[in-house]
Amino acid sequence: MSLEKINKYHLILASGSPRRQYLLKEIGINFEVKLREVEERWPEGLHRQEIPVFLSELKASAFQSNELPENTILITADTIVLLNGEVVGKPRDRADAIDILSRLSGNRHEVITGVTLKTATILHSFSVESEVWFRAFEQEEIEWYIDTFKPYDKAGAYGIQEWIGYVGIERINGSFYNVMGLPTQRLYLELLKMIDRL
């Protein structure tokens with residue numbers, strides 16, 4: 001079985017995100033979490049769609065090849081939200097979170113996740129894009145959500161798996177799990193391809 005092929009390897013997830021850890025567990029993959037501090041900045045002029053891959057590769061570069069024994073695969077990821085071509089990051093504070101959700105309200109935005117798979121000898125990256133349409137929110141809904149769920153660690157100031165996703169999303173074009181922060185279906189297939197190369 002394909003899952004058994006993957007679990008013969010030692011997988012490291014370099015992410016403190018509870019959502020990514022949860023999704024990887026739900027696939028049935030065994031892994032450990034190792035974290036490295038990386039300043040998430042990208043060069044000016046980088047095409048918007050290239051930013052999450054650049055950042056996931058930056059996170060992977062924090063691990064030297066000699067830290068990745070022969071049977072080890074490192075997974076890094078980064079998710080950005082784009083509204084009208086502008087990158088919407090994690091909110092700085094409550095006021096910023098309110099401003100972000102007010103701009104997303106009633107609009108379509110894109111969620112792009114870049115994923116990097118790294119071994120001692122191979123570096124492979126890909127990205128997955130989803131489109132999300134929000135209905136228009138009332139100001140009280142935005143403030144209640146932010147005060148209740150405190151989404152300060154989330155790009156776009158929301159979690160699709162939380163209350164605002166249940167009541168606010170009209171439709172999605174693409175992977176739901178990508179919007180959560182990890183495109184599980186594509187990751188599973190890319191891991192199998194990577195293993196075939198090893």
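Below, each value reflects all heavy atoms present in this structure, side chains not excepted, and no hydrogens, waters or symmetry copies.
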* May I ask you to decide if Ser56's main-chain N or O and Thr76's side chain share a donor-acceptor pair within less than 3.5 Å? => yes
* If you round to the nearest 0.5 Å, how far is CD1 of Ile6 from CD1 of Ile29? -> 4.5 Å
* To do: Look at atom CD of Glu70 and say whether more than 12 heavy atoms of other residues, nucleotides or ligands are closer to it than 6.0 Å.
  => no
* Asked: So does Lys8 pair up with Glu4, basic N to acidic O under 4.0 Å?
  -> no
* Please examine the side chains of Lys118 and His124, heavy atoms only from C-beta on, and report whether any two atoms are closer than 4.5 Å. => no
* **Ile75 side chain near Leu24 side chain, heavy-atom distance below 4.5 Å** => yes
* Val115 side chain reached by Pro183 side chain, heavy atoms, under 4.5 Å -> yes
* Would you find more than 12 non-hydrogen atoms of other residues, nucleotides or ligands less than 6.0 Å from Tyr152 atom OH? -> yes
* To do: Quick one: do Phe176 and Ile160 satisfy side chain to side chain contact (heavy atoms under 4.5 Å, CB included)? Show the steps, please.
  => CA-CA 8 Å; Phe176 172 91; Ile160 193 172; 3.5 Å; yes
* Answer yes or no: is there an ion pair linking Asp96 with Lys90, defined by an N-O contact shorter than 4.0 Å? => no
* Would you call Val87 and Leu82 a side-chain contact if the rule is heavy atoms closer than 4.5 Å? -> yes
* To do: Using a strict 4.0 Å threshold on nitrogen-to-oxygen distance, state whether Arg94 and Glu143 make a salt bridge.
  => yes
* Between Glu37 and Lys59, is there a side-chain N and carboxylate O pair less than 4.0 Å apart? -> no
* Asked: Rounded to the nearest 0.5 Å, how far apart are CG of Leu23 and CG of Leu187?
  -> 10.0 Å
* **Residues forming a ring-ring contact (aromatic ring centres under 6.0 Å, His included) with Tyr145, sequence neighbours excluded** => Phe149
* Do Asn71 and Leu198 pass the side chain to side chain contact (heavy atoms under 4.5 Å, CB included) test, and can you show the C-alpha distance, the side-chain angles, and the key distance before you say yes or no? -> CA-CA 9 Å; Asn71 68 330; Leu198 295 173; over 6 Å; no
* To do: Apply side chain to side chain contact (heavy atoms under 4.5 Å, CB included) to Glu190 and Leu117, showing your working.
  => CA-CA 8 Å; Glu190 295 291 344; Leu117 305 176; 4.0 Å; yes
* To do: Supply the atom-to-atom distance Ser175 OG to Arg186 CZ, rounded to the nearest 0.5 angstrom.
  => 11.0 Å
* To do: Please confirm whether the backbone N or O of Ile98 pairs with a side-chain atom of Ser102, one donor and one acceptor, at under 3.5 Å?
  => yes
* Would you say Arg135's side chain and Val167's backbone share a donor-acceptor pair under 3.5 angstrom? -> yes
* Would you kindly confirm whether Ile164 and Tyr177 end up in one hydrophobic cluster when ILVMFWY residues are joined by side chain heavy atoms under 4.5 Å apart? => yes
* Asked: At what distance, to the nearest 0.5 angstrom, does CG of Leu55 lie from CD1 of Ile80?
  -> 8.0 Å
* Would a hydrophobic clustering, with Ile, Leu, Val, Met, Phe, Trp and Tyr connected at side-chain separations under 4.5 Å, put Val33 with Ile12? -> no
* Asked: Side chains of Arg103 and Leu83: does their closest heavy-atom pair fall under 4.5 Å?
  -> yes
* Are any non-hydrogen side-chain atoms of Leu74 and Thr119 less than 4.5 angstrom apart? -> no
* State plainly whether the residues Glu110 and Arg48 are in salt-bridge range, i.e. N to O under 4.0 Å. => no
* Asked: For the atom pair CG (Leu182) and OH (Tyr188), what is the distance rounded to the nearest 0.5 Å?
  -> 14.5 Å
* Are the side chains of Glu40 and Asp78 in touch, meaning some heavy atoms are under 4.5 Å apart? -> yes
* Spell out, yes or no, whether Phe126 and Ile51 are grouped together once hydrophobic residues are joined by side-chain heavy atoms under 4.5 Å, including indirect joins. => no
* Is it true that Arg92 and Asp99 make a salt bridge, defined as a side-chain N closer than 4.0 Å to a carboxylate O? -> no
* Asked: When rounded to the nearest 0.5 angstrom, what distance separates OG in Ser130 from CE in Met180?
  -> 12.5 Å
* Taking C-beta and beyond as the side chain, do Ser61 and Leu58 meet within less than 4.5 Å on heavy atoms? -> yes
* Asked: Under 3.5 Å, is there a donor-acceptor pair between the side chain of Asn178 and the main chain of Val111?
  -> yes
* Asked: Going by the ring pair (Phe, Tyr, Trp, His ring centres under 6.0 Å) test, which pairs reach into residues 25-72, not counting sequence neighbours?
  -> none
* Starting from the C-alpha separation in whole Å, work towards a yes-or-no answer on side chain to side chain contact (heavy atoms under 4.5 Å, CB included) for Leu11 and Asn30. => CA-CA 7 Å; Leu11 270 69; Asn30 301 322; over 6 Å; no
* Who passes ring-ring contact (aromatic ring centres under 6.0 Å, His included) against His109, sequence neighbours left out? -> Phe134, Tyr158
* Would a distance-only check, ignoring hydrogens and angles, find a side-chain to backbone donor-acceptor pair under 3.5 Å from Asn7 to Gly28? -> yes
* salt bridge (charged side-chain N to carboxylate O under 4.0 Å, His left out) contacts in which one or both residues fall within residues 162-175, not counting sequence neighbours -> Lys154-Glu162
* Can you sort out the partners of Trp133 under ring-ring contact (aromatic ring centres under 6.0 Å, His included), two or more places apart, ordered by chain and number? => none
* Under a 4.5 Å side-chain heavy-atom rule over Ile, Leu, Val, Met, Phe, Trp and Tyr, are Ile146 and Val132 clustered together? -> yes
* Does a donor on one side chain sit under 3.5 Å from an acceptor on the other, for Glu57 and Thr116? -> no
* ILVMFWY cluster membership beyond Leu123 - transitive side-chain contacts under 4.5 angstrom -> none
